[in-house]
Amino acid sequence: CGKEQADSESQSIQAEEQTEADSKINNDAELNDNLEIDFTFDYSEDIKADVDYVVANSKSLQEELENIEQIIQEYTPLAQSAQSQMEMNISSRWFFVIWDTELNSLWSRFSNSADPQTKERVLAEQRNWIAMKEEVTLLSLGTAEENGSMYPLLQNSFLEEITKNRAYVLANELAKIKGESFAMPEVSEKYGLFVDNQGTGDVYSFLITRQGWEGDDEAIISIYRQGETEGTFTDNGNGELNFTSDDGSVKGIIKINGWNGASFEITEISGASAFSAGEIFEFPFVF
């Protein structure tokens, strides 16, 4: 009877502690009304404190990344209050900083927990990701001169997206070490940026699928030492995208395979081309 009572009291204390933790995180999510709207203020330390708290009070890595989204919500009013392009550019940076801070936290914990072989493998991938970031940003957005005053906003939004994706990849690796179940978010069946880096920090080939400014679905495919083709695609609805180059000389099928990357198979060539029908190109690195 004494053991049962002790177990019951222990469970009650744990439940109370978890309720307090959940309540604190929920309260953090309601800080929107208390956030001081100041576009000149450096929120870096505040964000680090928020991330540290989420890390300490989340029951799992899955819950941790979900709770990071609550910090995003905390800074949403700042972005919503932006009136000028400069204010939009400034406020957009903090969303990237939130995920960058989380990524650094995940790496620190992973580095301290992984066995040497696993650490070496993931460290190589992480270094390659860092080395390619600037180039893939340029490939996706174009230059600052092309985008004008809104370039910092576009750049921050892109960095936020790929840093969030990388945080999930690293969290998945850490979850394996901790023996936790972890579900990766779904990858778009139509849009993404995929790279063949051949295990290095350089982009050899890339595939970009996106929605253009006029609403068309467009793709850019660059193959190392063979050339580049741009065009549009239609969604077959079965996981395949039918691609046709702008000049009609190249047709093929794009397959997006979730976190395993993407592929492009050339099905038809018209006229002289650096490509050949039947060629299949793989892009295993997901940004």
Side-chain angles (χ1 to χ4, degrees), residues 17-82 86-114 119 122-123 125-134 137 152-175 177-178 180 182 184-185 287:
E17 289 175 346
Q18 186 58 54
T19 299
E20 290 177 2
D22 291 344
S23 175
K24 178 63 168 66
I25 291 177
N26 288 336
N27 287 339
D28 283 351
E30 297 172 359
L31 288 177
N32 297 359
D33 294 336
N34 300 323
L35 181 71
E36 182 179 354
I37 305 300
D38 184 353
F39 295 100
T40 66
F41 186 75
D42 184 348
Y43 292 97
S44 301
E45 291 302 317
D46 292 345
I47 288 173
K48 186 178 185 307
D50 285 344
V51 169
D52 287 345
Y53 185 86
V54 163
V55 169
N57 291 278
S58 297
K59 293 178 291 185
S60 66
L61 286 160
Q62 194 82 65
E63 183 180 272
E64 176 182 321
L65 268 69
E66 292 171 357
N67 287 331
I68 293 295
E69 294 288 355
Q70 295 185 0
I71 305 176
I72 294 289
Q73 293 303 314
E74 181 181 336
Y75 285 83
T76 298
L78 184 69
Q80 293 174 334
S81 299
M86 180 177 292
E87 290 175 346
M88 293 178 191
N89 295 344
I90 292 171
S91 60
S92 67
R93 177 176 178 269
W94 299 118
F95 299 121
F96 158 58
V97 171
I98 290 168
W99 281 110
D100 190 53
T101 304
E102 168 66 0
L103 181 62
N104 289 331
S105 173
L106 286 165
W107 174 255
S108 177
R109 284 173 281 156
F110 171 83
S111 181
N112 291 333
S113 304
K119 182 177 179 179
V122 178
L123 176 59
E125 293 176 357
Q126 187 70 7
R127 284 174 171 167
N128 291 341
W129 180 80
I130 292 170
M132 292 187 287
K133 266 201 312 182
E134 183 176 350
T137 302
L153 171 62
L154 297 175
Q155 182 184 43
N156 289 332
S157 297
F158 180 75
L159 290 174
E160 175 195 354
E161 178 184 357
I162 67 172
T163 305
K164 176 180 178 179
N165 288 345
R166 194 64 197 168
Y168 267 92
V169 170
L170 202 52
N172 187 43
E173 293 287 350
L174 182 56
I177 296 172
K178 294 167 68 69
E180 294 182 9
F182 189 84
M184 294 289 285
F287 270 91

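Index from 1, following the sequence.
Applying the ring-ring contact (aromatic ring centres under 6.0 Å, His included) criterion to F41, with sequence neighbours excluded, gives Y43. The side chain to side chain contact (heavy atoms under 4.5 Å, CB included) test applied to S44 returns D42, W94, not counting sequence neighbours. Residues satisfying the side chain to side chain donor-acceptor pair (under 3.5 Å) criterion with N112, sequence neighbours excluded, are absent altogether. Applying the side chain to side chain donor-acceptor pair (under 3.5 Å) rule to S92 yields the partners N156; only residues at least two apart in sequence or on another chain are considered. Every residue two or more places apart in sequence or in another chain that forms a side chain to side chain contact (heavy atoms under 4.5 Å, CB included) with R109 is listed here: V55, L61, E64, E102, S105, L106, L174. Shown here are the side chain to side chain contact (heavy atoms under 4.5 Å, CB included) partners of M184, two or more places apart in sequence or in another chain: Y168, V169, N172, F182, W259. Residues meeting the side chain to side chain donor-acceptor pair (under 3.5 Å) test with Q62, sequence neighbours left out: none. Every residue two or more places apart in sequence or in another chain that forms a side chain to side chain donor-acceptor pair (under 3.5 Å) with D52 is listed here: K48. Partners of I72 by side chain to side chain contact (heavy atoms under 4.5 Å, CB included), not counting sequence neighbours, listed by chain and number: E69, T76, F95, I98, W99, E160.
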| request: Before giving the answer on side-chain hydrogen bond (donor to acceptor under 3.5 Å, both in side chains), spell out for K178 and S113 the whole-Å C-alpha distance, their side-chain angles and the decisive distance to 0.1 Å. | output: CA-CA 9 Å; K178 294 167 68 69; S113 304; over 6 Å; no
| message | Could you go through R93 and N89, starting from their C-alpha distance and side-chain angles, then the distance that decides it, and tell me whether this counts as side-chain contact (heavy atoms from CB on, under 4.5 Å)? | response | CA-CA 7 Å; R93 177 176 178 269; N89 295 344; over 6 Å; no
| request: Please assess E180 against E63 for the test side-chain contact (heavy atoms from CB on, under 4.5 Å), listing each intermediate value before the final yes or no. | output: CA-CA 11 Å; E180 294 182 9; E63 183 180 272; over 6 Å; no
| request: Might you work through the side-chain contact (heavy atoms from CB on, under 4.5 Å) test for F158 and F96, ending with a clear yes or no? | output: CA-CA 9 Å; F158 180 75; F96 158 58; over 6 Å; no
| said: Using side-chain contact (heavy atoms from CB on, under 4.5 Å), reason through Y75 and V97 one step at a time and then give a plain yes or no. | reply: CA-CA 11 Å; Y75 285 83; V97 171; over 6 Å; no
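Checked by atom type and distance alone, the side chain of S91 pairs as donor or acceptor with a backbone atom of M88 at under 3.5 Å. In this structure, the side chain of S108 does not engage the main chain of N104 through any donor-acceptor pair within 3.5 Å. Without hydrogens or angle criteria, N165 side chain to F287 main chain gives a donor-acceptor distance under 3.5 Å.
Atoms NZ and CD1, on K119 and I177 in that order, are 10.5 Å from each other to the nearest 0.5 Å. M132 CE to R127 CZ: the interatomic distance, rounded to the nearest 0.5 Å, is 14.0 Å. How far CG of L35 is from CD of E74: 6.0 Å, rounded to the nearest 0.5 Å. To the nearest 0.5 angstrom, L159 atom CG is 14.5 Å from K164 atom NZ. With rounding to the nearest 0.5 Å, the separation of CG in L170 from CH2 in W107 is 6.5 Å.
Between the side chains of N67 and S58, a donor-acceptor pair is found at a separation under 3.5 Å.
Minimum heavy-atom separation, T163 to L103: CG2-CD2, 3.9 Å.
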